[in-house]
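Scroll down for the structure; my scribbles are underneath it.
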Amino acid sequence: MKTRFSTVDIRAVVAEINAKFLGMRVNNVYDIDNKTFLIRLQKPDSKAVLLLESGIRIHSTEFEWPKNLMPSGFAMKCRKHLKSRRLVVIRQLGVDRIVDIQFGSDEAAYHLIVELYDRGNIVLTDHEFTILNLLRVRTAEVEDVKFAVRERYPIENARPPEPLVSVERLTELLSSGPKGEQVKKILNPHLSYGATLIEHCLIEAGFSGSVKLDDQFNIVQGTRDAPKVLEALRKAEEYMEKTESFCGKGYIIQKCEKKPSLAPDKQAEDLLTYEEFHPFLFAQHSKSAHVEFASFDRAVDEFYSKMESQKMDVKALQQEKQALKKLDNVKKDHEQRLEALHMEQEVDKLKGELVEMNLPLVERALQVVQSALANQVDWTEIGLIVKEAQAAGDPVACAIKELKLQTNHIAMLLKNPYIGSDEEGDAEQEVLEHPDGEAQKAKKKNKSKVQKNKVQKNKPMLVDLDLNLSAYANAKKYYDHKRHAARKEQKTVEAAEKAFKSAEKKTKQTLKEVQTVVTIQKARKVYWFEKFLWFISSENYLVIAGRDQQQNEMIVKRYLRAGDIYVHADLHGATSCVIKNPTGEPIPPRTLTEAGTMAVCYSAAWDAKIITSAWWVHPHQVSKTAPTGEYLTTGSFMIRGKKNFLPPSYLMMGFGFLFKVDEQCVWRHRGERKVKTLDEDMESVTSSTATLLIEGEELNKLKKIKDKYKDQDEEDRELMMKLLGVSGSIMCSSPPLDTHDGDGETLLASLTGQPHPEDVLLFAVPVCAPYTALTSYKYKVKLTPGTQKKGKAARTAVLSFMRAKESTAREKDLLRSVKDTDLSRNLPGKVKVSAPNLLAAKKK
């Protein structure tokens with residue numbers, strides 16, 4: 001698969017960007033990863049986005065790309081210098097794969113130089129090409145030029161365009177190439193066209209695209225082939241000129257693979273994946289499957305945007321092929337076993353027949369050896385006696401080929417006495433060359449060749465004879481073996497049929513699972529809050545927290561708003577939690593406690609197994625302004641005013657799954673997570689022993705208030721509770737509004753931990769939360785500080801979920817489709833997993 005730009009690609013895309021985007025101003029700069037950046041451009045009437053990937057590509061994009069959680073230092077530097085500046089020009093430096101993008105003019109100009117070769121680089125310079133920032137510092141190999149901040153970027157070192165190569169130079173290049181090497185590979189390092197364009201032009205000049213240097217390719221100066229190659233290079237030069245002001249189409253070349261199928265009568269489906277992208281439809285691709293686009297820039301954008309999705313398709317195809325290969329191996333093994341058993345029967349039958357046909361000879365040989373053994377003749381002497389008899393031409397001795405006295409056997413070469421002498425000689429010669437016999441050959445050779453080793457009845461065969469048995473008994477012994485092999489063959493057929501049906505069923509299930517997983521993964525929507533630590537509280541509030549100090553900083557600056565609650569703990573490494581409150585009404589105590597548990601569990605308290613308290617404050621109490629003479633580090637904040645401490649938090653988290661339900665099924669799950677009334681919450685508080693929701697003193701106050709003011713309305717009671725210093729949020733009986741995502745879709749209501757059998761489930765979302773928030777979930781385990789690693793713990797939990805009797809086929813598919821990296825990323829550290837029947841699942 002083609003992964004990076006060639007010189008032709010660079011020239012074409014630079015021409016298209018110059019034609020479409022010049023004059024647009026930089027709105028912002030984002031980074032996708034450590035070497036991929038987005039530059040958002042705009043005019044009063046239009047917008048565009050340029051995508052730059054160090055060492056790989058540059059093009060505009062119409063797709064949404066996931067941006068980094070926090071802008072990198074390089075992105076911030078680009079924002080500082082490039083924001084609001086016009087895109088003046090974009091050009092290629094010489095014929096090197098280096099692109100210079102200029103923003104602003106004259107002394108106010110800045111350059112973004114993108115290197116699209118080797119490991120690549122992106123360099124920000126001022127108008128004099130003094131480096132302001134760059135992705136990686138390096139030193140040039142030849143001129144000892146250092147690429148570092150405050151050094152000058154050497155644009156003059158770019159390789160200038162060269163005139164067309166001469167016949168003499170071309171002959172020299174070809175003559176110095178190794179014999180048998182392809183012509184395009186020899187020329188490519190010395191020319192700027194690229195191997196694909198050279199191959200295309202060779203084809204147009206009458207050569208094969210993969211023509212090699214050999215005896216048929218004449219490279220002597222002045223002969224036929226050198227001028228033809230030069231003509232091909234002249235065509236390549238014409239294509240280079242076309243790309244200078246390119247305004248043509250773009251092409252994506254596709255690779256076609258057959259999708260395997262279990263049904264023999266069903267036609268195999270084609271899987272088309274993107275293989276290469278080009279600004280021209282080159283000759284070598286004219287007969288290949290391809291997709292045409294209005295511009296090359298658009299084709300490149302489509303190619304890279306679908307790359308990840310198609311990797312999933314290719315991976316699924318490989319898994320399907322592997323599953324079918326296993327099934328085919330089972331089938332072949334079954335056939336080979338049957339063939340070997342059938343061959344064994346044929347050999348035993350023939351040996352028995354040969355013994356019967358040579359009965360006097362066999363009987364005499366047995367008697368001679370038995371007599372010698374009975375007279376206690378030495379084994380070595382018996383061998384010498386047999387050899388002397390053979391030399392004298394004794395027919396009995398000549399038939400004895402081997403004495404196997406250790407096992408009380410002799411091997412005799414027996415033949416059909418009713419065949420002619422010529423046939424007999426040929427047959428004997430063949431057996432002498434293969435003294436092990438047909439049965440041994442069948443066992444020793446590859447099983448796939450058993451068909452070729454058919455037993456031929458007219459050929460002599462080595463037959464082992466038991467000295468304890470008569471000739472008739474030896475014949476009967478082979479017939480008995482034949483009958484035993486026949487019974488064994490029948491049992492093998494029956495067992496193999498069952499095994500094959502089982503393997504076929506398993507293969508069908510594997511194929512179905514592979515396709516289901518790919519489909520689910522493609523449909524899976526990643527929500528904005530999943531980049532943080534998060535959970536949905538028992539009362540339907542979204543709680544988010546930072547994974548590190550940078551995310552803590554982001555959560556407070558970007559997501560903490562009026563009405564929300566900030567929760568933290570005075571512990572090393574404690575995360576900053578924000579309870580999102582779209583209604584603005586007071587947050588209930590249960591949600592506050594759950595957020596406090598999260599703040600404590602994602603801190604040093606988890607490993608140290610310390611039970612302590614978290615606290616909460618309002619957004620206006622959180623400030624980034626430090627006292628005079630002090631400095632606040634990233635992720636640290638100044639809290640002004642009173643901290644509201646929560647009850648001690650138990651180190652008890654849970655791991656489970658939420659399921660995304662279709663819009664038509666959301667109505668079933670409204671009210672699953674709601675704020676309870678005073679009576680309900682007091683009942684849950686008194687019955688719960690696992691988690692302390694509010695202190696005993698406050699509970700007594702609530703009881704007194706309930707009795708004294710039971711006849712007053714809700715508003716009066718809440719006011720009285722505030723005057724008494726008790727949180728009035730417990731009186732709130734209406735659930736908060738659902739959080740909305742960027743598309744305006746009701747989000748929290750469509751995520752349920754209690755899937756209904758009639759629900760249409762779209763995908764599963766793993767969640768790690770305080771255990772009290774997961775009590776109603778269908779799939780959940782308890783996590784406490786332990787010794788098991790996160791990844792293994794998560795996989796163990798998922799395995800137990802999938803083995804549960806109540807799990808449906810669709811739920812299993814959704815659980816199976818979740819990537820391993822997503823499963824364990826939110827677990828607080830090393831854990832102990834607790835759940836009913838977990839030990840049984842581990843053993844299985």
Checking R79 against Y30: charged group under 6.0 Å from the ring centre and within 45 degrees of the axis?
yes
Check whether F207 forms a cation-pi arrangement with K228 (NZ or CZ under 6.0 Å from the six-membered ring centre, at most 45° off the ring normal).
yes
Let me check something: any side-chain donor-acceptor pairs from residues 39-46 under 3.5 Å, sequence neighbours excluded? List them with distances.
residue: Q42; atom: OE1; partner: N27; partner atom: ND2; Å: 3.4

Determine whether F293 and V300 satisfy the following criterion, side-chain contact (heavy atoms from CB on, under 4.5 Å), listing intermediate values before the conclusion.
CA-CA 9 Å; F293 293 85; V300 175; over 6 Å; no
For [X] and [Y], indicate whether the former's side chain and the latter's backbone hold a donor-acceptor pair under 3.5 Å.
X: S305; Y: D301; answer: yes
X: D96; Y: R159; answer: yes
X: D33; Y: K35; answer: yes
X: Q92; Y: V99; answer: no
X: Q551; Y: K531; answer: yes
X: D126; Y: E128; answer: yes
X: S176; Y: E172; answer: yes
X: R4; Y: D118; answer: yes

Are [X] and [Y], when compared by the centres of their aromatic rings, separated by less than 6.0 Å?
X: H278; Y: H285; answer: yes
X: F280; Y: F296; answer: no
X: F103; Y: Y110; answer: no
X: F277; Y: Y304; answer: yes

For residues 237-247, dump all side-chain donor-acceptor pairs below 3.5 Å to protein atoms at least two apart in sequence or in another chain.
residue: E237; atom: OE1; partner: Y193; partner atom: OH; Å: 2.5
residue: Y239; atom: OH; partner: H200; partner atom: NE2; Å: 2.9
residue: T243; atom: OG1; partner: R11; partner atom: NE; Å: 2.9
residue: T243; atom: OG1; partner: M240; partner atom: O; Å: 2.6

Take atom [atom1] in [X]; do more than 12 heavy atoms of anything else shown fall under 6.0 Å from it?
X: K249; atom1: NZ; value: no
X: K332; atom1: NZ; value: no
X: E107; atom1: CD; value: no
X: R234; atom1: CZ; value: yes

Nearest atoms (heavy-atom pairs only) where E530 meets R825:
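Residues E530 and R825, closest heavy atoms: O-NH1, 3.0 Å.
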